[in-house]
Amino acid sequence: MKSHPPDVVNFNVTGIESYTSTAFRRLEYKTQVFVNHEGDLFRTRLTHSLEVAQIGRSIARNLGLNEDLVEAISLAHDLGHTPFGHAGQDVLNDCMREYGGFEHNLQSLRVVDVLEERYAAFDGLNLCYETREGILKHVARKNIPKLDSLGERFLLNKRPSLEAQLANFADEIAYNNHDVDDGLRSGLITLNQLEEVSIFSRHLTEVKEKYSVLPERRMVYETVRSMINTLVTDLIQQSARNIKDAGIDTLAEVQTAPPLIGFGQQIKKEQQELKKFLFDNLYRHFRVARMNNRARHTIEKLFAAFSSEIQLLPVKYQKKFEQEGHQAIADYIAGMTDRYAIKEYQRLFSIAEN
Ligand code: MG
């Protein structure tokens with residue numbers, strides 16, 4: 001990965017500035033769980049990222065952490081995602097197996113470091129070290145040598161900043177809750193099923209006791225809202241306790257301490273139960289599996305076509321291929337929105353007029 005310019009001038013934590021970056025705007029048309037054209041009501045990676053930032057900011061404010069940094073990490077954390085959610089990322093990783101693989105975390109970093117073209121003087125967005133560290137949640141060991149000093153913490157088993165740890169939890173709080181909401185709205189999961197899940201049923205009961213007559217949609221909103229409130233409150237209280245008990249004063253101490261941002265025991269258990277429920281009932285639902293199957297097929301076909309005939313790539317990527325090989329194809333595909341990938345598939349494989 002290219003070395004990064006200094007962060008002194010044009011300090012830009014968010015990559016948003018007065019303009020949003022290209023990759024950020026594309027998030028609107030990238031899937032979280034549902035394929036983008038399934039309906040306008042479902043979350044996309046854009047609305048997800050905004051929710052993560054909102055949740056992250058409130059927690060940061062309460063813990064006295066750097067709100068801007070949490071917001072920047074939250075808004076950028078999914079920039080490297082392929083079209084079609086996790087199915088897209090898995091299949092691109094399979095396609096890239098012989099060429100170093102594909103990791104969405106690393107790709108998010110690549111977007112802000114290299115792929116965005118906003119400045120005359122350099123590639124990327126000129127983000128500060130702490131934002132970049134927060135974006136790179138994980139990285140496979142084999143890819144560490146591709147990184148600058150950012151990779152070191154994985155070798156030394158050091159923790160990232162509290163803001164980075166926090167953004168990670170804000171991500172989890174956001175997707176668990178909006179997947180419950182979208183899952184219900186889509187009809188893939190039902191209220192009856194969710195009543196078996198302790199954190200949901202506990203909050204639903206409270207809402208029903210407080211408001212005896214409520215339309216179902218409002219009841220769901222109120223339940224999800226109060227679940228988020230419980231999770232945020234628990235995370236703030238437990239993390240504040242962890243930081244105090246560990247006697248943390250400096251960033252160096254954060255790096256060598258066990259993870260300091262976290263839920264209390266009960267919520268941790270309940271979150272695991274909710275995750276398992278969503279995994280079994282939503283992410284593995286046959287309708288989701290069918291969407292994933294189409295996604296897999298689309299990306300496999302695109303990758304295979306570009307690999308076997310480089311001239312099918314737009315000229316810019318043909319040039320990149322000469323220098324970077326298959327990474328150029330991965331960059332092109334990963335940068336696509338869901339609808340662009342579908343269109344591109346038609347342009348390559350359909351004989352009908354597109
Ligand atoms: Mg996310």
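Just so you know, ligand 1 is whichever comes first in the structure, and atom 1 is the first atom listed for that ligand. Side-chain atoms are counted along with the backbone in the values below, which use heavy atoms only and exclude waters and symmetry mates.
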(request) For side-chain hydrogen bond (donor to acceptor under 3.5 Å, both in side chains), just list the numbers for Gln238 and Asn242, CA-CA rounded to whole Å, side-chain angles, deciding distance to a tenth of an Å, and then say yes or no. (result) CA-CA 6 Å; Gln238 185 63 45; Asn242 295 344; 3.0 Å; yes

(request) To the nearest 10 degrees, could you say what angle the Mg ion (ligand 1) makes with OD2 of Asp78 and OD1 of Asp171? (result) 160°

(request) Go through the steps for Gln54 and Arg57 under the test side-chain hydrogen bond (donor to acceptor under 3.5 Å, both in side chains), then give the verdict. (result) CA-CA 5 Å; Gln54 276 179 337; Arg57 259 193 180 277; over 6 Å; no

(request) Can you sort out the partners of Tyr99 under ring-ring contact (aromatic ring centres under 6.0 Å, His included), two or more places apart, ordered by chain and number? (result) His326

(message) Report the atom name of the nearest N/O/S atom of His48 relative to the Mg ion (ligand 1).
(response) NE2

(message) Looking only at N, O or S atoms in His77, which is nearest to the Mg ion (ligand 1)?
(response) NE2

(request) Determine whether Leu147 and Leu156 fall in the same hydrophobic cluster, where Ile, Leu, Val, Met, Phe, Trp and Tyr are linked whenever their side-chain heavy atoms lie under 4.5 Å apart. (result) no

